[in-house]
Amino acid sequence: MSFHPQMPYGEGWHKSERFIPEEGPTFAFTPEHRAQLEELCTHYPPERRKSAIISALYMVQAQQGHVSGNAMRHVAEVIGCTTAEVEDVVTYYVMFFTKPVGTYVLQVCRTLSCALNGAEKVTAALCKHLHVKPNETTADGMFTVMEFECLGACDRAPVIMVNNEHWHECQQPEDVPALIEGLRTKGLAALSGCHLVKERA
């Protein structure tokens, strides 16, 4: 059994074919994000501005919700590198989304510890409760369900991470309705009982 994602190879695909994200609307950083990025870039020598690409992409995602092709080009112009270099970062790291996602992205860890403790059942319960399939977004645009590789909390498996930041641990299928309704009514405050959130407080 493999816990790695199936690549969409098939007729018309070649294993070396690049994934080209949608262009999306015209993108430019807000003045606040641009100032924040320029301040961050002062921490690197001028010839190392590329070191700020990940931070720049987080700002894109905070501003737009996902990283489109036009946003990648804008980041390349601002950072002073090629669009291909930005695309390499976006497509390598799983925390960047190349298409619109919901207000709450529910990322279910499926690596060994979580898989052995029932992560697949948790994913199935989320999808059933929200009437979506993995990597789909609910019709109201509130939730996206995704399966992710290791989230680094193996001793608290199964784990759901919300919006690349907030952990909800030791999840079981029967916990799903309360988690979803909590997010609907309280937002991220519904996750305040999580082990790691307590540690950061």
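Index from 1, following the sequence. Side chains included, hydrogens not; waters and symmetry mates left out as well; all remaining heavy atoms used.
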Note to self: What I'd like to find out is whether the side chain of His168 reaches to under 4.5 Å of the side chain of His166, using heavy atoms alone.
What the structure shows: no
Notebook entry, point to check: Any donor-acceptor pair under 3.5 Å linking the side chain of Gln107 with the backbone of Asn164?
Noted result: yes
Next item on the list: Tell me whether Leu151 is reachable from Tyr58 by hopping between hydrophobic residues (I, L, V, M, F, W, Y) whose side-chain heavy atoms are closer than 4.5 Å.
Entry: no
Item checked: Distance in Å, Arg156 CZ paired with Cys114 SG, rounded so as to fall on 0.5 Å steps -> 11.5 Å
Next item on the list: State yes or no: do Tyr92 and Val86 share one hydrophobic cluster built from I, L, V, M, F, W and Y residues joined by side-chain heavy-atom distances below 4.5 Å, directly or via other members?
Entry: yes
Next item on the list: For the residue pair Ile180 and Leu126, establish whether any side-chain heavy-atom pair is separated by less than 4.5 Å.
Entry: yes
Note to self: I need the minimum non-hydrogen distance between Val108 and Ala119, along with the two atoms involved.
What the structure shows: CG1-O, 4.0 Å
Item checked: Flag for Ser68-Asn70: side-chain donor and acceptor within less than 3.5 Å -> no
Note to self: If you compare all heavy atoms of Thr111 against all heavy atoms of Cys150, which two are closest, and at what distance to 0.1 Å?
What the structure shows: OG1-N, 2.7 Å
Check: Of all heavy-atom pairs between Asp175 and Cys170, which one has the smallest distance, and what is that distance?
Finding: OD2-O, 3.8 Å
Next item on the list: Work out which heavy atom in Gly65 is nearest to a heavy atom in Val101; give both atom names and the distance.
Entry: O-CG2, 3.6 Å
Checklist line | Spacing of Ile54 atom CD1 and Leu40 atom CG [to the nearest 0.5 Å] | finding: 11.0 Å
Next item on the list: Report the distance from atom NE2 of His43 to atom SG of Cys41, rounding to the nearest 0.5 Å.
Entry: 9.0 Å
Notebook entry, point to check: Can you list the residues that meet the ring-ring contact (aromatic ring centres under 6.0 Å, His included) rule with Tyr104, with sequence neighbours excluded?
Noted result: Phe143
Check: His74: what forms a ring-ring contact (aromatic ring centres under 6.0 Å, His included) with it, not counting sequence neighbours?
Finding: Phe27, Phe29
Check: Out of curiosity, Glu147 CD to Glu149 CD, how far, rounded to the nearest 0.5 Å?
Finding: 9.0 Å
Item checked: Sub-4.5 Å side-chain heavy-atom contact between Met72 and Val75 -> no
Notebook entry, point to check: Are Glu136 and Cys127 close enough that some pair of their side-chain heavy atoms sits under 4.5 Å apart?
Noted result: no
Check: Which pair of heavy atoms, one from His66 and one from Gln64, lies closest together, and at what distance?
Finding: O-NE2, 3.0 Å
Check: Hey, what do you get for CE (Met146) to CE (Met161), rounding to the nearest 0.5 Å?
Finding: 11.0 Å
Check: Are the side chain of Gln61 and the backbone N or O of Phe97 linked by a donor-acceptor pair below 3.5 Å?
Finding: yes
Checklist line | Leu106 side chain reached by Val162 side chain, heavy atoms, under 4.5 Å | finding: yes
Check: Is the shortest heavy-atom distance from the side chain of His33 to the side chain of Val78 under 4.5 Å?
Finding: no
Notebook entry, point to check: Given the rule that I, L, V, M, F, W and Y join up when any side-chain heavy atoms are under 4.5 Å apart, are Met142 and Leu191 in one cluster?
Noted result: yes
Item checked: Within-4.5 Å side-chain heavy-atom neighbours: Pro158 and Gln172 -> yes
Note to self: Quick one, Arg49 and Glu38 - any side-chain contact, counting heavy atoms below 4.5 Å?
What the structure shows: yes
Next item on the list: Without swapping roles, check the side chain of Gln63 against the backbone of Ala28 for a donor-acceptor pair under 3.5 Å.
Entry: yes
Notebook entry, point to check: In the single-linkage hydrophobic clustering (I, L, V, M, F, W, Y; side-chain heavy atoms under 4.5 Å), do Met59 and Val89 co-cluster?
Noted result: yes
Note to self: Do Leu57 and Ile79 land in one hydrophobic cluster if side-chain heavy atoms of ILVMFWY residues count as linked below 4.5 Å?
What the structure shows: yes
Checklist line | Atom pair CD/NZ of Gln171 and Lys121 - distance to nearest 0.5 Å | finding: 15.0 Å
Note to self: How close do Ile53 and Cys81 get, counting heavy atoms only, and between which atoms?
What the structure shows: CD1-SG, 3.9 Å
Check: Looking at Thr103, Asn135, Thr137, which one forms a side-chain hydrogen bond (donor to acceptor under 3.5 Å, both in side chains) with Thr144?
Finding: Thr137
Check: With sequence neighbours excluded, what pairs up with Tyr44 under the ring-ring contact (aromatic ring centres under 6.0 Å, His included) test?
Finding: none
